[in-house]
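Everything numeric in this text was worked out from a predicted model, so none of it was measured.
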Amino acid sequence: MKVLITGAGRLGRHIAQALAAARNEVTLVEIDDDVVAGLAAALPVRLVTGDACEPAVLEEAGVLTTDLVIATTGDDEDNLVISLLAKRQFAAPKVVARINDADNAWLFDERWGVDAAVPADASLISLIEEATSSTDTVALLRLSKAGVNVIETTLTSQSRAVGRELADVSVPPGTVVAAVIRDGEPVAPSSGLRLRPGDELLLVSHSATEKEVHAAFQ
């Protein structure tokens, strides 16, 4: 599946990493060229620099052939404009938008081109489920139907995994760590990576539950 994500903040990066790990073709659009430069070697996605509120930037990013647009900027006005352009001007099949301010939730509907709206405090998993739930050709959804889950866990100073190398943590069978987010930046999940408080881990598993992953790391 082709996915276009706008906004390379922490949420946008998390989603890009997760969907790319599930073998989707992901493009991430970010207006800050310094942020794009910093992500070039860290994310296995196509990066486009520009303002996603501009039709020309969306077109350059491949909106005409994308299966899913996810607007995750920190500005509700931008997310609404992006959604409207994607749906009305470019006929994107599905548009998911993040709501930053709950007072604006009433705007996030089909009138603005939004197929699914997700509150800012929703989990990454919830947003991905909203993004993929109605498209049976999405690689992540097909894997989910086969029993594969994407699970996120965040380490605290009290977590049992803190101070240990990733290879020393016994994860449940059939589970892999797809990404580690540290200080808002993706870090390669190498076996020698020593885990720290605040690390956010994204795991893909055939059979593990959230409780089992929690037990392994927390």
- Task: Decide yes or no for Thr72 and Asn79: does some side-chain heavy atom of the first lie under 4.5 Å from some side-chain heavy atom of the second?
- Result: no
Taken to the nearest 0.5 Å, the spacing of Met1 CE from Asp67 CG works out to 6.5 Å
The side chain to side chain donor-acceptor pair (under 3.5 Å) partners of Asp101 (sequence neighbours excluded) come to none
Between Val204 and Ala178, the two heavy atoms sitting closest are CG2-CB, 4.0 Å
Distance col, row Leu193:CG vs Asp168:CG, nearest 0.5 angstrom, shows 11.5 Å
Besides Trp106, the hydrophobic cluster formed by Ile, Leu, Val, Met, Phe, Trp and Tyr side chains linked at under 4.5 Å, directly or via other members, contains Leu80, Leu84, Ile99, Leu107, Phe108, Trp112, Val114
Q | Derivation and outcome, side chain to side chain contact (heavy atoms under 4.5 Å, CB included), residues Cys53 and Val81 | A | CA-CA 6 Å; Cys53 292; Val81 170; 4.0 Å; yes
Report task. Begin with the C-alpha distance, continue with both residues' side-chain angles, and end with the deciding distance and a verdict on side chain to side chain contact (heavy atoms under 4.5 Å, CB included) for Leu28 and Val48. Result -> CA-CA 6 Å; Leu28 181 60; Val48 173; over 6 Å; no
When you group the ILVMFWY residues by side-chain heavy-atom contacts below 4.5 Å and let the links chain together, are Leu203 and Ile181 in the same group?
no
| request: Establish whether Val213 and Leu166 are linked, either directly or via other cluster members, by ILVMFWY side-chain heavy-atom contacts under 4.5 Å. | output: yes
Heavy-atom closest pair (Leu85 atom, Ala52 atom, distance to 0.1 Å) is CD1-O, 4.5 Å
Do Val3 and Leu47 share a hydrophobic cluster, counting only Ile, Leu, Val, Met, Phe, Trp and Tyr and linking them when any side-chain heavy atoms are less than 4.5 Å apart? yes
Val26-Ile15 co-clustered via ILVMFWY side chain contacts under 4.5 Å: yes
Applied to residues 189-209, the salt bridge (charged side-chain N to carboxylate O under 4.0 Å, His left out) test, sequence neighbours excluded, yields Arg10-Glu200, Glu165-Arg194, Arg182-Asp199
For a side chain to side chain contact (heavy atoms under 4.5 Å, CB included) check, start with the C-alpha distance between Val169 and Leu195, then their side-chain angles and the critical distance, and finish with the verdict.
CA-CA 10 Å; Val169 178; Leu195 298 172; 4.1 Å; yes
Between Ala71 and Ser83, the two heavy atoms sitting closest are CB-OG, 4.2 Å
Residues passing the salt bridge (charged side-chain N to carboxylate O under 4.0 Å, His left out) test with Asp75, sequence neighbours excluded, are none
Worksheet entry | Greater than 12 external heavy atoms within 6.0 Å of Arg164's CZ | yes
Could you check Thr27 against Ile5 for side chain to side chain contact (heavy atoms under 4.5 Å, CB included), going step by step and ending with a plain yes or no?
CA-CA 6 Å; Thr27 298; Ile5 301 170; over 6 Å; no
Flag, side chain of Glu30 to backbone of Ala8, donor-acceptor distance under 3.5 Å:
yes
- request: Verify, without hydrogens or angle tests, whether Glu212 (side chain) and Val171 (backbone) share a donor-acceptor contact under 3.5 angstrom.
  value: no
Has the side chain of Thr6 got a donor or acceptor atom that lies under 3.5 Å from a matching backbone atom of Val29? no
Residues pairing under side-chain hydrogen bond (donor to acceptor under 3.5 Å, both in side chains) where one sits in residues 33-60, two or more places apart or in two chains, turn out to be none
Taken to the nearest 0.5 Å, the spacing of Thr154 OG1 from Phe217 CZ works out to 11.5 Å
Closest heavy-atom pair, Asn100 versus Thr73, reported as atoms and distance to 0.1 Å, is ND2-O, 3.1 Å
Value for CD (Gln89) from CG (Leu64), rounded to nearest 0.5 Å, stands at 9.0 Å
The reported gap from NE2 in His214 to OG1 in Thr153 (rounded to nearest 0.5 angstrom) is 7.0 Å
Rounding to 0.5 Å, atoms CD1 (Ile70) and CG (Leu19) come to a distance of 5.5 Å
Here the salt bridge (charged side-chain N to carboxylate O under 4.0 Å, His left out) pairs for residues 79-91, sequence neighbours left out, are Lys87-Asp115
Is there a side-chain contact between Leu68 and Val96 in this structure, where contact means two heavy atoms from C-beta onward sitting under 4.5 Å apart?
yes
*Sub-3.5 Å donor-acceptor pair from the side chain of Ser159 to the main-chain atoms of Ala161, do we have one?*
no
Heavy atoms of Val69 and Ile82 approach each other most closely as CG1-CG2, 4.4 Å
For Thr156 and Val162 the tightest heavy-atom approach is O-CG2, 3.1 Å
Worksheet item: Would you call Arg98 and Pro119 a side-chain contact if the rule is heavy atoms closer than 4.5 Å?
Response: no
